[in-house]
Number of protein chains: 2
Amino acid sequence: MGVKERKERDKLEMRDKILQSAHKLFLEKGFDQISLRSIAESIEYSPATIYLYFKDKNEIFHALHQQGFGMLNQAFQPLTLIASPFDRLREMGKAYIQFATTNPEVYELLFIRTEPMEHLATCMDDQWTEGDRAFDVLLHTVKGCQEQGYFVGLDTQNMSMLIWSFIHGLCSLGISKHISHVKEARDNQMVIDEIMNNTYQTFQLMLERLKN
Amino acid sequence: MGVKERKERDKLEMRDKILQSAHKLFLEKGFDQISLRSIAESIEYSPATIYLYFKDKNEIFHALHQQGFGMLNQAFQPLTLIASPFDRLREMGKAYIQFATTNPEVYELLFIRTEPMEHLATCMDDQWTEGDRAFDVLLHTVKGCQEQGYFVGLDTQNMSMLIWSFIHGLCSLGISKHISHVKEARDNQMVIDEIMNNTYQTFQLMLERLKN
DNA sequence: ATCTAAAACTAAACACCGTTTAGTAAATTT
DNA sequence: AAATTTACTAAACGGTGTTTAGTTTTAGAT
């Protein structure tokens with residue numbers, strides 16, 4: 001009697017349908033433009049139906065947040081194959097920037113918007129472990145670099161935090177409209193991308209000088 | 001017959017009253033909790049009245065944005081007296097972090113939220129010049145450092161952008177709830193402040209190693 | 001002092017929003 | 001076939017930003 005199983009599948013399918021629709025909408029129209037009502041309309045159900053599958057809007061954001069972290073981890077997956085820690089670190093930075101610039105809305109959801117974080121804070125179960133794990137990977141890579149003579153005398157955790165801060169700051173400034181000081185950059189994404197690349201390259205040069 | 005002048009004064013006073021009220025409200029209740037209606041209530045006028053002094057809500061944010069930049073510039077004012085560029089750079093970073101941590105809501109408005117920026121983009125008059133000027137100060141200081149043997153061979157603009165990215169990233173992560181990897185940091189502001197200080201100190205050590 | 005025209009202000013409405021409630025229709029179990 | 005659980009929704013609640021139409025207050029001219 002697989003009716004129970006089918007029902008469960010249906011339930012998950014519906015959840016997924018809602019999430020897919022939300023994802024599509026917030027890619028198309030941006031963040032503040034997603035409403036439960038627009039999600040409901042796009043899946044051709046009434047707004048109240050969504051509350052049968054999600055507690056509230058934050059829970060939808062939370063689910064998208066998890067999904068986004070999945071995407072990011074997937075982007076990092078191939079990099080674990082790189083043996084040299086310093087090379088791996090460089091490529092991790094590149095991949096991070098690449099992810100942020102090609103999925104700015106997702107990046108915003110993951111690292112800039114505070115809504116799902118605040119929601120998580122109220123949950124007892126630590127589901128922000130994905131973030132912890134990602135940071136552990138960074139820590140491990142920095143440690144590897146140090147064993148090869150980079151960043152000697154600098155604390156591993158502080159150095160990791162430094163690197164993350166820089167990359168995150170660069171991505172944040174690139175995604176938001178805050179890169180000024182070059183008037184062409186105001187609306188030209190290509191100029192912004194170039195600034196980001198140049199800045200990252202300079203960072204890389206800086207790190208290379210920190211050997212021995 | 002100074003009646004016309006008085007009316008103009010009254011108009012400006014009212015604008016200021018609205019802005020003060022908005023500022024107070026968004027310090028008290030946070031960002032998303034400010035509504036035109038709550039502003040109106042706190043100044044004891046009807047919501048529609050606000051539209052006689054501001055085009056829309058974005059224009060209020062925009063005005064607060066300018067005001068916030070004034071505060072930041074004021075915090076930077078004393079630092080121009082520091083003769084040594086490298087010392088000045090260090091103190092600028094400290095002042096920036098200090099500003100961000102003591103006025104997180106203002107910092108969020110200035111550098112994280114995109115609303116007033118998007119509004120500015122539609123304005124023809126370039127009023128984001130304050131940001132440009134602040135960056136010029138940074139550029140000038142970095143150039144000074146280079147003349148004293150720091151960061152040689154690195155592009156001035158890229159280096160400035162690197163520094164701003166790092167500091168901004170650090171502040172962003174500190175303000176939002178995204179610093180994980182230390183479970184105590186989840187809700188303890190003191191731990192977060194310490195992480196930020198340690199990270200900045202490490203950055204400083206790094207820069208010092210880049211002499212010659 | 002009275003009339004007029006402009007300025008200041010607001011009540012009410014509009015079209016949204018997230019969320020809840022109460023009730024209907026369909027599917028499943030008995 | 002009846003009873004019960006499940007899936008769904010219409011309508012409402014209290015909130016938002018904004019507009020409109022109309023009222024009150026003020027200023028200047030007669």
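Distance B/E59 CD to D/dG17 P: 15 Å, rounded to the nearest Å. Rounded to whole Å, atom P of C/dA8 lies 9 Å from atom CG of B/D10. The CD atom of B/E41 sits 17 Å away from the C1' atom of C/dC9 (whole-angstrom rounding). When the C1' atom of C/dC16 is taken as reference, atom CG of A/D32 falls 14 Å away, rounded to whole Å. Atom CE in A/M14 sits about 13 Å away from atom C1' in D/dT6, given to the nearest Å. Rounded to a whole Å, the CD atom of A/Q33 is 13 Å from the C1' atom of D/dG17. Whole-Å rounding puts the A/L52 CG to C/dT20 P distance at 12 Å.
Nearer the 5' end of DNA chain C, as judged by each residue's closest nucleotide, is the contact made by B/I50, out of A/S38 and B/I50.
Distance from the side chain of A/K57 is smallest to C/dT19 among D/dA7, C/dT19, D/dG17. Minimum atom distance to the side chain of A/L36 is reached by C/dG18, of the listed C/dG18, D/dT9, D/dT20. Residue B/S46 places its side chain closer to C/dA11 than to any other of C/dG18, C/dA11, D/dC8. Looking at the side chain of A/Y51, the nearest of the listed nucleotides D/dT9, C/dT19, D/dT19 is C/dT19.
Note that B/R113 lies in the cation-pi zone of B/F31, set by a 6.0 Å cut-off to the ring centre and a 45° limit from the axis.
The base of C/dG18 is paired with the side chain of A/R37 by a donor and an acceptor separated by under 3.5 Å.
Residues A/S42 and A/S21 bring a donor and an acceptor atom of their side chains to less than 3.5 Å of each other. Using a 3.5 Å distance cut-off with no hydrogens or angles, the side chains of A/Q189 and A/D193 do pair a donor with an acceptor.
Within a 6.0 Å radius of CD in B/E28, more than 12 heavy atoms belonging to other residues, nucleotides or ligands are found.
A/T49 comes within 4.0 angstrom of a nucleotide base, judged by non-hydrogen atoms across all strands. At a threshold of 4.0 angstrom between heavy atoms, the contacts of A/Y53 are confined to the sugar-phosphate backbone, with no base atom among them. Across all strands shown, B/I60 has no heavy atoms under 4.0 Å from either base or sugar-phosphate atoms.
Close placement of the A/Y107 and A/Y96 rings is indicated, their centers lying within 6.0 Å of each other.
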